[in-house]
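Each residue takes its place number in the sequence, starting with 1. Quick caveat: nothing in here was measured; it's all calculated off a predicted structure.
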Amino acid sequence: MNQYDVILVGTGQATGTILPKLLALGKRIAVVEGGRVGGTCVNWGCAPTKTLVASSRVARVIRDAERFGIRSEEPRIDYGRVMERVNEIRRGSSDGFRAWLEKATDFYAGWGSFEDPRTVRIGDTRIRGEQILIHTGTLSRKPDLPGLDSVPWLDNRSLLDLEELPEHLVILGGSYIGMEFAQAYRRLGSRVSVLESSDRLVPREDPDFSGAVRELLEAEGVECLLDTRAAFVRPSSRGGIELEYRRDGAAETVEGSHLLVAVGRAPNTDGLDLDKAGVRRDSRGYIEVDDQCRTSVPHIFALGDVNGRGAFTHTSVHDGQVYLSALEGGSRTLKDRVPIYSLYTDPPLARVGASESDLKSRGKGYRRAVLRMSEVPRAREKGETRGFVKILVDDEDDRLLGAGILGVGGDEAIGMLALAIRAKLPYTALTDTILPHPTLSEMIPWMFDNLEAVEP
Ligand SMILES: Cc1cc2nc3c(=O)[nH]c(=O)nc-3n(C[C@H](O)[C@H](O)[C@H](O)COP(=O)(O)OP(=O)(O)OC[C@H]3O[C@@H](n4cnc5c(N)ncnc54)[C@H](O)[C@@H]3O)c2cc1C
């Protein structure tokens with residue numbers, strides 16, 4: 001049986017962060033991957049969706065061109081070419097990464113599972129590791145919806161394998177993944193209907209951001225069916241999919257050509273035989289870890305989405321940094337992380353730190369500054385005045401607590417607010433900073449003139 005210092009099960013997003021360091025330390029490493037190298041982000045998540053969003057934005061710009069004094073015709077969408085571009089980008093990254101892994105490590109193509117706390121089995125092969133890293137990510141969660149398996153429903157993976165543009169895409173779930181697909185497919189020419197059980201889209205966001213996201217999607221023709229309970233699904237007589245739902249106690253139906261299920265994620269642990277290793281899971285099925293990604297078995301670590309402490313590529317990469325720090329007796333921990341992410345609609349919604357809802361639930365008073373994108377010169381010049389910026393400040397010590405930017409360039413500008421929050425800076429550090437004109441960022445120092453107090 002081959003023996004290794006470290007076995008990595010799954011090529012999640014921290015792989016590229018941890019392996020160079022482990023190799024430099026002279027460790028003998030095995031990498032086990034059952035699917036496409038590079039995991040969700042490269043193959044089924046960030047990269048393909050942002051590539052799709054970019055194509056759909058071009059369609060939107062062409063439709064909108066007259067506003068800028070440019071005459072154009074209705075764009076003709078070549079969905080095959082759109083997906084070719086998506087595939088070129090994701091396959092290029094995955095293949096390049098795999099070639100590197102095959103050279104730098106012992107690469108095992110297959111699904112790994114535990115045979116005991118130090119042995120991983122891949123088919124008929126068994127390998128042993130001094131340390132084992134579980135980096136297996138999440139999969140789309142399948143809801144308990146009667147009739148679902150009677151129709152060819154799609155998740156984020158299978159949607160990206162379609163060769164033809166859906167005529168009418170029904171999306172179950174109005175959160176991050178559903179919203180990006182909703183806008184992109186609408187812009188590419190599909191009819192899109194979104195069903196969400198909450199009374200607002202992206203319900204984890206503050207109501208003002210939820211409302212603004214809904215407004216911008218509805219203005220582009222996305223049908224938003226909120227406060228709905230999906231009841232059952234069946235094939236329709238016209239060859240499509242019929243979904244019956246309840247709203248205000250009444251039964252209604254929506255019929256589409258395709259159904260995308262986007263109701264959340266579930267940890268990818270089913271095939272791992274964690275019980276044989278003694279690795280504990282929490283009540284949601286995620287692997288329990290301490291603040292340095294160590295599981296209930298000290299030589300086994302769980303990195304990335306599978307530990308339930310983050311759900312993004314950057315949190316997974318940070319897990320890798322925390323694990324490396326733990327190896328060297330360093331002090332980096334998951335606790336120190338400031339939450340940050342973007343919803344990549346166009347314009348994007350970028351968020352960092354606490355939301356107003358978080359602060360209210362903690363009973364904390366705070367101050368709030370709001371700036372409409374229509375007041376930002378650069379946004380006006382770009383003709384992109386949808387959205388607003390909101391920054392929250394501590395009512396006692398002037399520190400920045402959180403921020404959200406729904407607006408063009410927000411996904412980049414949020415970085416400076418993240419740095420300020422991480423460094424525990426007071427907002428006055430920003431008011432003293434001169435930023436280049438014309439940018440969205442230059443307006444942030446001025447926003448604090450409008451700070452208003454909000455009672456707990
Ligand atoms: C549609 C969509 C869009 C997204 N967009 C963004 C975005 O814009 N920005 C962002 O930060 N995040 C985004 N995410 C989330 C992001 O993709 C994940 O948070 C990120 O990939 C981190 O996952 P991970 O590193 O934990 O593992 P993953 O990237 O999921 O990789 C896990 C790997 O483990 C392999 N594996 C699983 N089980 C086994 C086993 N038993 N044996 C061997 N191999 C195994 C899998 O095949 C997979 O390759 C998106 C997700 C989706 C679904």
Side-chain angles (χ1 to χ4, degrees), residues 7-19 31-50 90 93-94 97 111-114 132-143 155-157 159-160 173 175-181 202 204 261-272 274 277 279-296 300-324 326 332-344 351:
I7 301 176
L8 177 66
V9 183
T11 56
Q13 306 314 305
T15 306
T17 303
I18 55 181
L19 287 192
V31 175
V32 184
E33 173 56 63
R36 285 194 62 82
V37 166
T40 308
C41 178
V42 169
N43 297 291
W44 326 102
C46 330
T49 54
K50 270 79 252 181
R90 58 178 170 165
S93 303
S94 175
F97 197 15
W111 300 105
S113 59
F114 282 95
I132 300 176
L133 313 181
I134 305 171
H135 200 16
T136 54
T138 55
L139 292 172
S140 189
R141 187 170 72 74
K142 184 180 172 193
D155 63 10
N156 63 294
R157 288 176 172 232
L159 177 62
L160 291 167
S175 204
Y176 307 92
I177 292 174
M179 291 307 87
E180 290 181 10
F181 280 128
V202 281
R204 265 178 254 156
V261 174
V263 294
R265 312 284 299 166
N268 199 358
T269 53
D270 281 357
L272 284 172
L274 290 177
V279 171
R280 268 203 313 268
R281 277 177 280 194
D282 67 18
S283 55
R284 300 172 306 150
Y286 287 89
I287 296 178
E288 271 179 23
V289 290
D290 66 12
D291 286 331
Q292 290 192 313
C293 297
R294 208 174 279 103
T295 70
S296 49
I300 302 178
F301 290 73
L303 312 177
D305 293 6
V306 75
N307 68 25
R309 301 285 291 266
F312 299 99
T313 288
H314 46 273
T315 49
S316 180
V317 169
H318 182 245
D319 284 5
Q321 294 169 326
V322 166
Y323 156 74
L324 289 176
R332 292 182 84 157
T333 70
L334 301 186
K335 264 200 318 235
D336 306 332
R337 192 144 82 193
V338 177
I340 183 165
Y341 54 87
S342 289
L343 161 67
Y344 292 93
R351 282 261 305 103

- So do the side chains of Trp44 and Leu159 get within less than 4.5 Å of each other, counting heavy atoms only? no
Is any side-chain heavy atom of Arg157 closer than 4.5 Å to a side-chain heavy atom of Leu139?
yes
The side-chain contact (heavy atoms from CB on, under 4.5 Å) partners of Asp319 (sequence neighbours excluded) come to Cys293, Leu303, Asn307, Leu334, Arg337
Taken in chain and number order and not counting sequence neighbours, the residues that satisfy side-chain contact (heavy atoms from CB on, under 4.5 Å) with Glu33 are Thr11, Val37, Phe107
Q. Are Thr136 and Trp111 close enough, and set up right, to give a side chain to side chain contact (heavy atoms under 4.5 Å, CB included), and what steps lead you there?
A. CA-CA 10 Å; Thr136 54; Trp111 300 105; over 6 Å; no
Interatomic spacing from [atom1] in [X] to [atom2] in [Y] - rounded to 0.5 Å:
X	Y	atom1	atom2	result
Glu288	Arg309	CD	CZ	10.5 Å
Asp336	Thr333	CG	OG1	3.5 Å
Phe181	Leu160	CZ	CG	4.5 Å

- [ ] Could you check Val289 against Thr295 for side chain to side chain contact (heavy atoms under 4.5 Å, CB included), going step by step and ending with a plain yes or no?
- [x] CA-CA 4 Å; Val289 290; Thr295 70; 4.2 Å; yes
Grab the two heavy atoms, one from [X] and one from [Y], that are nearest each other, plus how far apart they are.
X	Y	value
Ile177	Arg265	CD1-CD, 4.0 Å
His135	Gly12	NE2-C, 3.0 Å
Ala14	Gly320	CB-CA, 3.8 Å
Val317	Gln13	CG2-O, 3.4 Å
Val42	Ser93	CG1-CB, 3.6 Å
Asn156	Ser140	OD1-CB, 3.9 Å

_Pairing donors with acceptors under 3.5 angstrom, does anything connect the side chains of Arg280 and Ser296?_
no
Next item on the list: Output, in order, the C-alpha distance, side-chain angles, deciding distance and verdict of side chain to side chain contact (heavy atoms under 4.5 Å, CB included) for Tyr344 and Thr49.
Entry: CA-CA 9 Å; Tyr344 292 93; Thr49 54; over 6 Å; no
Practice task
Using a strict cut-off of less than 4.0 Å between a Lys/Arg side-chain nitrogen and an Asp/Glu carboxylate oxygen, indicate whether Asp282 and Arg284 qualify as a salt bridge.
Solution key: yes
Under 3.5 Å, is there a donor-acceptor pair between the side chain of [X] and the main chain of [Y]?
X	Y	value
Arg90	Asn43	yes
His318	Gly310	no
Arg141	Val263	yes

- Evaluate the criterion side chain to side chain contact (heavy atoms under 4.5 Å, CB included) for residue pair Lys142 and Asp155; output intermediate values, then yes/no. CA-CA 9 Å; Lys142 184 180 172 193; Asp155 63 10; over 6 Å; no
Across all chains, not counting sequence neighbours, the ring pair (Phe, Tyr, Trp, His ring centres under 6.0 Å) partners of Phe114 are none
Parallel, tilted or perpendicular: which fits the ring planes of Tyr341 and Phe312, with parallel below 30° and perpendicular above 60°? parallel
Only residue of Ile7, Ile300, Leu8 satisfying side chain to side chain contact (heavy atoms under 4.5 Å, CB included) with Leu133 is Leu8
